[in-house]
J.: 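Following this message is one structure expressed as structure tokens.
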Amino acid sequence: MAAGELEGGKPLSWLLNALAQDTFHGYPGITEELLRSQLYPEVPPEEFRPFLAKMRGILKSIASADMDFNQLEAFLTAQTKKQGGITSDQAAVISKFWKSHKTKIRESLMNQSRWNSGLRGLSWRVDGKSQSRHSAQIHTPVAIIELELGKYGQESEFLCLEFDEVKVNQILKTLSEVEESISTLISQPN
Amino acid sequence: MEASSEPPLDAKSDVTNQLVDFQWKLGMAVSSDTCRSLKYPYVAVMLKVADHSGQVKTKCFEMTIPQFQNFYRQFKEIAAVIETV
């Protein structure tokens, strides 16, 4: 039983990182065999497989519940007391990992759950348009706005919009209504 | 009609559209199959845009709250600039 090699420490830290890349951030090509050969070469595959499954399951549980640090400690302590659970060394490594990667994992989960396009970027310029052919000079400034939109895992789509000053102010008014809604939502108790 | 001189924005789209309608909603993502505790608010926007031929298309997208605040801030900047031109 290669229990010694499956203790905490650096390999587990790297394993959790790789699992996060695979499970949450969509990084391709992270196979069980790759992980075993790179991180736990002395552990036979039939022992590594359940160990990997256990770590992945724990990581998924923690991320799914978006555990705060109290919940995390309680959860990991329970795991150390379980039959076939984890060691306290492993618990410490997992705890440290979640604390430093929580925000990024959460962001990936949010992105994955958004099936609409997201706003990836916004660029703009303001042109001063002049019309001079058969009429007096008319100076109508125009804002050109380019929105970069994209669905999760897909290439960006660019949408170019033209606004005159009136339109810009109309949009601004609408956006202030949105902001008011957000303030109302945030100020409400959960 | 003359356009302005060389612009700093090099738009990746060849077609500029007119905004016909701007609809929005403020939503809260609660839970999903991959995450039982999502709990994040988002702004969903539905734009109706018309190209030069008058054809109207619908474009939908979502923003997180920080993204929306940046979006709003940029529009305020645009308004400030367009006022002075």
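Per chain, numbering begins at 1; letters A, B, ... match sequence-line order.
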J.: Taking side chain as everything from C-beta outward and backbone as N, CA, C, O, which of these in B:L38 sits under 4.5 Å from a heavy atom of chain A? Side chain, backbone, both or neither.
T.: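 Interface part for B:L38: both.
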J.: Within a radius of less than 6.0 Å around CD of A:E32, do more than 12 heavy atoms belonging to other residues, nucleotides or ligands occur?
T.: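 Enclosed: over 12 neighbouring heavy atoms sit under 6.0 Å from CD of A:E32.
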J.: What distance separates B:C35 SG from A:K60 NZ, expressed to the nearest 0.5 Å?
T.: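 Rounded to the nearest 0.5 Å, the SG-NZ separation comes to 12.0 Å.
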J.: Non-hydrogen atoms of chain A under 4.5 Å away: do they reach the side chain of B:Y42, the backbone, both or neither?
T.: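 For B:Y42, neither part sits under 4.5 Å from chain A.
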J.: Under 4.5 Å from any heavy atom of chain A, what part of B:A79 do you find: side chain, backbone, both or neither?
T.: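 Both backbone and side chain.
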J.: Answer with side chain, backbone, both or neither: which region of A:L119 has an atom nearer than 4.5 Å to a non-hydrogen atom of chain B?
T.: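 Contact with chain B involves both backbone and side-chain atoms of A:L119.
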J.: Are there residues of residues 164-173 of chain A whose heavy atoms fall under 4.5 Å of chain B's heavy atoms? If so, which?
T.: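 A:D164, A:E165, A:K167, A:V168, A:N169, A:I171, A:L172 fall under the 4.5 Å cut-off.
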J.: Starting from A:I86, can I reach A:Y40 by hopping between I/L/V/M/F/W/Y residues whose side chains sit under 4.5 Å apart?
T.: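 Yes, one cluster joins them.
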J.: Among B:E83, B:K25, B:Q74, who wins on heavy-atom pairs under 4.5 Å with chain A?
T.: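 Most heavy-atom pairs within the cutoff with chain A belong to B:Q74.
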J.: Counting heavy-atom pairs closer than 4.5 Å to chain B, which one of A:R106, A:Q112, A:E157, A:M67 comes out on top?
T.: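 The option with the most such pairs is A:R106.
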J.: For the OH atom on A:Y27, are there more than 12 heavy atoms of other groups (residues, nucleotides or ligands in this structure) within a distance under 6.0 Å?
T.: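 Open.
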J.: Between A:R114 (side chain) and B:T64 (backbone), is there a donor-acceptor pair under 3.5 Å?
T.: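 Judged by distance alone, no pair lies under 3.5 Å.
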J.: Going through the checks in order, is the side-chain contact (heavy atoms from CB on, under 4.5 Å) test met by B:F61 and A:L147?
T.: CA-CA 10 Å; B:F61 63 94; A:L147 299 177; 4.1 Å; yes
J.: Side-chain heavy atoms nearer than 4.5 Å, only ILVMFWY residues, links allowed to pass through others: does that put A:V43 and A:W14 together?
T.: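 Yes, it is one cluster - the side chains of A:V43 and A:W14 are joined through contacts under 4.5 Å.
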J.: Going through the distances and angles, do A:F163 and B:Q18 end up as a side-chain contact (heavy atoms from CB on, under 4.5 Å)?
T.: CA-CA 7 Å; A:F163 296 83; B:Q18 296 291 323; over 6 Å; no
J.: Same cluster for B:L19 and B:V56 if Ile/Leu/Val/Met/Phe/Trp/Tyr side chains link at under 4.5 Å?
T.: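 In one cluster with B:L19: B:V56, no.
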J.: First locate atom CG of A:N116, then atom CE of B:M46, and finally report the distance between them rounded to the nearest 0.5 Å.
T.: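 It is 10.5 Å, given to the nearest 0.5 Å.
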J.: Looking at A:V126 and B:I82, what are the two nearest heavy atoms and their distance?
T.: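 Minimum heavy-atom separation between A:V126 and B:I82: CG1-CG1, 4.0 Å.
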J.: Roughly how far, to the nearest 0.5 Å, is CD1 of B:I65 from CD of A:E179?
T.: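 If we round to the nearest 0.5 Å, A:E179:CD and B:I65:CD1 are 10.0 Å apart.
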J.: Rounded to the nearest 0.5 Å, what separates atom CG in A:L149 from atom SG in B:C60?
T.: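 Interatomic distance, A:L149 CG to B:C60 SG, rounded to 0.5 Å: 10.0 Å.
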J.: Step by step, would you call A:V178 with B:V45 a side-chain contact (heavy atoms from CB on, under 4.5 Å)?
T.: CA-CA 10 Å; A:V178 180; B:V45 172; over 6 Å; no
J.: When you measure from the side chain of B:N17 to the backbone N and O of A:L161, does any donor-acceptor pair fall under 3.5 Å?
T.: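 No; zero donor-acceptor contacts below 3.5 Å.
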J.: Got a second to check how far B:R73's CZ is from A:L122's CG, nearest 0.5 Å?
T.: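 Rounded to the nearest 0.5 Å, the CZ-CG separation comes to 10.0 Å.
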J.: Same cluster or not: B:F71 versus A:I182, using hydrophobic residues (I, L, V, M, F, W, Y) connected whenever any side-chain heavy atoms lie under 4.5 Å apart?
T.: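 Hydrophobic grouping puts B:F71 with A:I182.
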J.: Non-hydrogen atoms of chain B under 4.5 Å away: do they reach the side chain of A:T23, the backbone, both or neither?
T.: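 Looking at A:T23, nothing touches chain B.
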J.: Would B:E62 and A:W115 count as a side-chain contact (heavy atoms from CB on, under 4.5 Å) if you check the C-alpha gap in whole Å, the side-chain angles of each, and the deciding distance to 0.1 Å?
T.: CA-CA 9 Å; B:E62 287 179 22; A:W115 301 320; over 6 Å; no
J.: Contact part of A:E177 toward chain B, heavy-atom cut-off under 4.5 Å: side chain, backbone, both or neither?
T.: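 Both parts, heavy atoms under 4.5 Å.
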J.: A:F48 and A:L59: same hydrophobic cluster, using ILVMFWY side-chain contacts below 4.5 Å?
T.: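 Linked, A:F48 and A:L59 end up in one cluster.
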J.: Say you draw a straight line from OH of B:Y72 to CG of A:L175; how long is it, rounded to the nearest 0.5 Å?
T.: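 Reported value, rounded in 0.5 Å steps: 6.5 Å.
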J.: Please rank B:V81, B:V85, B:I78 by heavy-atom pairs under 4.5 Å with chain A and give me the top one.
T.: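 That would be B:I78.
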J.: Tell me the closest heavy-atom pair linking B:S37 and A:D66, and the distance in Å.
T.: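 For B:S37 and A:D66, the tightest heavy-atom pair comes out as O-CB, 3.6 Å.
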J.: Who among A:A143, A:A63, A:G118, A:S113 has the most heavy-atom pairs with chain B under 4.5 Å?
T.: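 Greatest number of close heavy-atom pairs with chain B: A:S113.
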J.: Taking side chain as everything from C-beta outward and backbone as N, CA, C, O, which of these in B:K76 sits under 4.5 Å from a heavy atom of chain A? Side chain, backbone, both or neither.
T.: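 For B:K76, heavy atoms of backbone and side chain both lie under 4.5 Å from chain A.
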